[in-house]
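Written out below as structure tokens is the structure these notes cover.
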Amino acid sequence: MIETLVWIVLALGVIGVYLSWTAGRLDRLHSRMDAARAALDAQLLRRASVVIEVATSGVLDPASSLVLYEAAHAARQAEEDHREVAESELSQALRAVFGDAAQVEALKEAPGGEQAAEELAAAVRRVPMARRFHNDAVRAARALRTHRKVRWFRLAGHAPFPLAFEMDDEPPADLADRP
């Protein structure tokens with residue numbers, strides 16, 4: 001009788017340790033996802049700031065400046081529910097304005113334009129990478145949260161279900177190809 005009780009307690013201890021390890025892993029995935037979201041937000045804010053700086057520099061024609069400024073301002077001011085759409089519209093505005101190599105060259109030829117073009121190209125290139133890191137973290141957390149043991153024992157606690165950030169982040173070809 002005592003031997004059976006010892007084995008039961010030992011088995012429950014092993015199960016408890018395993019569940020604790022799984023909960024810790026899930027917590028680390030949520031932390032990684034939060035850090036990736038913060039990095040994505042920083043890159044999106046950086047891109048919008050650089051676009052506003054380029055739009056107000058006076059280098060571009062007034063129509064292009066207005067399109068870029070309005071799209072970047074809308075992306076910076078968008079509420080969380082509409083952020084993906086606003087960021088996609090900024091990507092579309094960037095492709096519309098800088099889809100022509102002549103516009104990129106005009107930006108580079110202006111005083112301080114070379115630096116502005118490099119900064120804009122770097123900001124445009126970093127957004128897809130940051131979004132990919134975030135969505136990879138979300139995918140890993142979702143995969144673990146779908147396991148039965150996580151659902152049955154409610155190891156995720158009250159954390160909201162992770163959502164991917166889906167947006168159009170295709171950069172303008174002439175900006176993305178810059179070294």
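In this structure, the side chain of Ser57 engages the main chain of Val54 through a donor-acceptor pair within 3.5 Å. Here the side chain of Ser49 pairs a donor or acceptor atom with the backbone of Leu45 at under 3.5 angstrom. Distance alone, capped at 3.5 Å, places no donor-acceptor pair between the Gln43 side chain and the Arg126 backbone. A donor-acceptor pair under 3.5 Å is formed between the side chain of Asn135 and the backbone N or O of Phe165. In terms of modelled atom types and a separation under 3.5 Å, the side chain of Ser64 and the main chain of Val97 share no donor-acceptor contact. A distance-only check finds a donor-acceptor pair linking the side chain of Arg142 to the backbone of Pro162 [under 3.5 Å].
Rounded to the nearest 0.5 angstrom, Glu170 CD and Ser91 OG are separated by 9.0 Å. The line from CG of Leu90 to CG of Asp169 is 11.5 Å long, rounded to the nearest 0.5 Å. Between the CG atom in Leu19 and the CG atom in Leu12 there is a gap of 10.5 Å [rounded to 0.5 Å]. To the nearest 0.5 Å, the span separating CG on Asp34 from NE2 on His134 amounts to 8.0 Å. Expressed to the nearest 0.5 Å, how far CG of Leu44 lies from CD of Glu84 amounts to 10.0 Å. The CZ atom of Phe153 lies 7.5 Å from the CD1 atom of Ile15; values are rounded to the nearest 0.5 Å.
Hydrophobic clustering of Ile, Leu, Val, Met, Phe, Trp and Tyr side chains at less than 4.5 Å, counting indirect connections, keeps Val127 apart from Phe133. Tracing side-chain contacts under 4.5 Å through hydrophobic residues (I, L, V, M, F, W, Y), one never reaches Leu120 starting from Ile52; they form parts of separate clusters.
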Apply the test side chain to side chain donor-acceptor pair (under 3.5 Å) to residues His30 and Arg145: give CA-CA distance (whole Å), side-chain angles for both, the deciding distance (0.1 Å), then the verdict.
CA-CA 11 Å; His30 280 128; Arg145 285 183 70 149; 3.2 Å; yes
Would Glu80 and Arg37 count as a salt bridge (Lys or Arg N to Asp or Glu O under 4.0 Å) if you check the C-alpha gap in whole Å, the side-chain angles of each, and the deciding distance to 0.1 Å?
CA-CA 12 Å; Glu80 195 61 36; Arg37 179 59 189 241; 2.2 Å; yes
Evaluate the criterion side-chain contact (heavy atoms from CB on, under 4.5 Å) for residue pair Glu109 and Glu114; output intermediate values, then yes/no.
CA-CA 7 Å; Glu109 290 173 3; Glu114 182 71 34; over 6 Å; no
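The heavy-atom pair separating Ala86 from Ala74 by the smallest distance is CB-O, 3.8 Å. In this structure, Ala164 and Val138 approach most closely via the heavy-atom pair N-CG1, 3.8 Å. Considering all non-hydrogen atoms of both residues, Ala156 and Val150 come closest at N-CG1, 4.2 Å. Ala140 and Arg32 get closest at one heavy-atom pair: CB-NH2, 4.4 Å. The two residues Pro172 and Val124 come nearest to each other via the heavy atoms CD-CG1, 3.9 Å. In terms of heavy-atom proximity, Leu26 sits nearest to Ala141 at CD1-O, 4.2 Å.
Side-chain contact between Leu155 and Leu144: absent, with no pair of heavy atoms (C-beta onward) separated by less than 4.5 Å. The closest side-chain heavy-atom distance from Arg83 to Met167 is not below 4.5 Å. Using a 4.5 Å heavy-atom threshold, the side chains of Tyr69 and Thr56 count as touching. In this structure, Leu60 and Phe98 have side chains that are in contact, with non-hydrogen atoms separated by less than 4.5 Å.
Residues Arg132 and Asp136 are not paired through a salt bridge, judged by the lack of any N-O separation under 4.0 Å between the basic side chain and the carboxylate. The residues Glu89 and Arg95 are annotated as not salt-bridged, no charged nitrogen and carboxylate oxygen being separated by less than 4.0 angstrom. Contact check on Glu118 versus Lys108 returns no salt bridge, with no Lys/Arg side-chain nitrogen under 4.0 Å from an Asp/Glu carboxylate oxygen.
Tested against Glu87 for a side chain to side chain donor-acceptor pair (under 3.5 Å), the candidates His82, Arg47, Arg76 yield a single pass: Arg47.
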